[in-house]
Amino acid sequence: MECVFGMVGEGFAVVAADTSAVHSILVHKSNEDKIMVLDSHKLIAASGEPGDRVQFTEYIQKNVALYQFRNGIPLTTAAAANFTRGELATALRKNPYSVNILLAGYDKETGPSLYYIDYIATLHKVDKGAFGYGSYFSLSTMDRHYHSRMSVEEAIDLVDKCIIEIRSRLVVAPPNFVIKIVDKDGAREYAWRETVKDADVAAA
Amino acid sequence: MARYDRAITVFSPDGHLFQVEYALEAVRKGNAAVGVRGTDTIVLGVEKKSTAKLQDSRSVRKIVNLDDHIALACAGLKADARVLVNRARIECQSHRLTVEDPVTVEYITRYIAGLQQKYTQSGGVRPFGLSTLIIGFDPYSGAPSLYQTDPSGTFSAWKANATGRNSNSIREFLEKNYKETSGQETVKLAIRALLEVVESGGKNIEVAVMTREHGLRQLEEAEIDAIVAEIDAEKAAAEAAKKAPPKET
């Protein structure tokens, strides 16, 4: 029941992900951060098999960093998305990763962008996207209220609408969400939306 | 002797590995490079042979980043350097991926030195023709470090060192003039040491400064010229002071 969704606004892109780590009927923790900061101006929101999710996104992160050291400049969001898709595609017919990814980034020349990359290596550049059962609700809500060039307030308002929809309509809805944003000033955490508080655990 | 330098796997009767020694010769012919460790700043300086008029000098960077907190300069065969630097950069990221920690300066130095040693004990390959100066801050203790490796694969830590052309003169200068410095003083010491063997001017030296907070920063030609001017002024003042006292008595 993992929910990941995001959208592009005026000069920024925002992604939200649920924060529950689940194994069968057990909730391991409800403050698992599934949105990784790929580099200074990129975010990867990932959902799927927990082992694959962490392994794959960390692998992408280190390769993106290596590119930057080798070439003296960072990868563009489009290049990072294509690289990610390529890695998924190469592994697909041998040892596939079960990870769905929304890659959000900001480039100085082209502005904000969002890429939808699913576990069988589909790549789409999108204005809004979502994964999981939550997508039935968040995508419909975004279709109704989204318009291009939204402000941060409008976008966060729409994100909250989606979270409310997921919480009220999904049978095993995740209680907590994390929202992260990327714009010209970089990628950073924006807010948490919590209904259940875990005892404080040091981040993995 | 002629028969003992073909394949480096062979020792000579008097215990030499000639290929390794020849690699050290190649290093001695390379550009001068100097490294100085301060308390909060570490500086690398490299001699820049005059660039051809049509060449884009920005594409010939001699001081490179291995990771956010580690940098390297070298003397010797630059093409060999490219290979070593690439392997080291991969190792830095690989280390971060497997143990979730950045490398320590000692670790990556040991890795590079290990690589250089491997090529002195394999068939059909020649040693890397370069010595490296590796600087960085320990990711946890924040302690600054300067290490040197050479074609034989040995490495050690230094407070200040030089390699390449006329490195002996530079090292002598450093031994005479080294003291614990910080900030701009460390930069000046490194440039003064390099100017012992290099023609004065920002055009002829490349300098990079590493600090804990800001990582590696390459100095602009104008900045180097300004510091060189300061050094020249200090030298002139010292000369004048030496000549003045006899007249006063």
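Order of the sequence lines fixes the chain letters, A, B, ..., with proteins taken first and strands second; residue numbering starts at 1 for each chain.
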(Q) I need the residue from B:Asp67, B:Leu66, B:Val85 with the largest number of non-hydrogen atom pairs under 4.5 Å to chain A. (A) B:Asp67
Q. Which residue out of B:Gln93, B:Arg96, B:Arg61 racks up the most heavy-atom pairs below 4.5 Å with chain A?
A.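 Option with the top pair count is B:Gln93.
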N/O donor to acceptor pairs below 3.5 angstrom from side-chain atoms of residues 86-97 of chain A, sequence neighbours left out:
residue	atom	partner	partner atom	Å
A:Glu87	OE1	A:Tyr59	OH	3.1
A:Thr90	OG1	A:Gly86	O	2.7

Q. When you check the side-chain N and O atoms of B:Thr186 and B:Thr41, is any donor under 3.5 Å from an acceptor?
A.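 Their side chains do not contain a donor-acceptor pair, so the 3.5 Å distance test is not met.
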Q.
Please classify the contact of B:Ile90 with chain A as side chain, backbone, both or neither, using a heavy-atom distance under 4.5 Å.
A.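 Its backbone and side chain both get close to chain A.
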Side chains of residues 73-81 of chain B: which donor-acceptor partners sit under 3.5 Å, not counting sequence neighbours?
residue	atom	partner	partner atom	Å
B:Lys78	NZ	B:Cys74	O	3.4
B:Asp80	OD1	B:Arg126	NH2	3.0
B:Asp80	OD2	B:Arg126	NH1	2.7
B:Asp80	OD2	B:Arg126	NH2	3.4
B:Asp80	OD2	B:Gly129	N	2.9

Q. Any chance NZ of A:Lys184 has more than 12 other-residue heavy atoms, nucleotides or ligands included, within less than 6.0 Å?
A. no
